[in-house]
Amino acid sequence: AFLERNRLLLQLGSILTLQCAARKLIASVFVRKLRFHRNVTAIQTQWRAYSAWFSYQNTVFVTVWCQRFWRGKIVRRDFAAAMQLMKSERAAVVEKKQVKSESKRDCVQQNSSGNANPNDKI
C-alpha cells in the first residue's frame with residue numbers, strides 16, 4: 001500500500017505539473033493574442049486617422065482651389081468692366097477737349113477776322 005500511495009502521489013504531482021504547464025501555455029497564447037489585437041487596433045487607428053486627415057487635406061485643397069478660381073473669375077470680370085468704363089471715360093474726356101479746342105479755335109479765327117462779338121463766350 002505504501003508503494004501504491006507513493007506512485008499515486010507521483011502521478012498526481014505529474015498531473016498537476018502538466019496542468020500548470022498547459023494553463024501557462026494557454027495564458028501566454030491568450031496574452032499574445034491580446035497584445036497582437038491591441039497592436040493591430042493601434043495600427044488601424046493610426047491608419048484611419050491618417051486616411052481621414054489625407055482626405056480632409058484633399059477636400060480643403062480642392063475647396064480653396066475652386067474658391068480661388070471663382071473669385072478670380074469675378075475679379076477678372078469686374079476688372080474688365082472697370083477698364084471698359086475707364087476707356088469710355090477717357091474717350092469722353094478726349095472728345096470734350098477736342099470740342100473745347102475747336103470752339104476756341106473758331107473764336108480765335110473770328111477775332112482775327114474782325115467778326116468778333118463781345119457777347120460771345122469762350
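Each residue takes its place number in the sequence, starting with 1. Computed from a predicted structure; not experimentally measured. For the numbers below, each heavy atom of this structure counts, side chains included, while hydrogens, waters and symmetry mates do not.
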Reported NZ-to-CD distance for the pair K24 and Q19, which is rounded to 0.5 angstrom: 15.5 Å

NZ-CZ distance between K73 and R76, expressed to the nearest 0.5 angstrom: 9.0 Å

is_close_aromatic(Y56, W53), centroid dist under 6.0 Å: no

Neighbour count above 12 (heavy atom, 6.0 Å) for E95 CD: no

Side chain proximity check, R90 to V93, heavy atoms < 4.5 angstrom: no

Under 3.5 Å: donor-acceptor pair, side chain of S55, backbone of S51: no

Ring centroid separation W65 to F69 under 6.0 Å: yes

From OG1 (T63) to CG (N58), nearest 0.5 Å: 10.0 Å

Interatomic spacing from CG in L34 to OG1 in T41 - rounded to 0.5 Å: 10.0 Å

Straight-line distance of K33 NZ to F36 CZ, nearest 0.5 Å: 11.0 Å

Verify same cluster id: L9, I15 (apolar side-chain graph, 4.5 Å): no

Rounded distance (nearest 0.5 Å) linking atom CD1 of I43 with atom CZ of R48: 12.0 Å

same_hphob_cluster(M86, F79) at 4.5 Å side-chain heavy-atom cutoff: yes

CA sep, side-chain torsions, deciding dist, call: R77, I74, side chain to side chain contact (heavy atoms under 4.5 Å, CB included): CA-CA 5 Å; R77 183 187 65 208; I74 291 172; 3.8 Å; yes

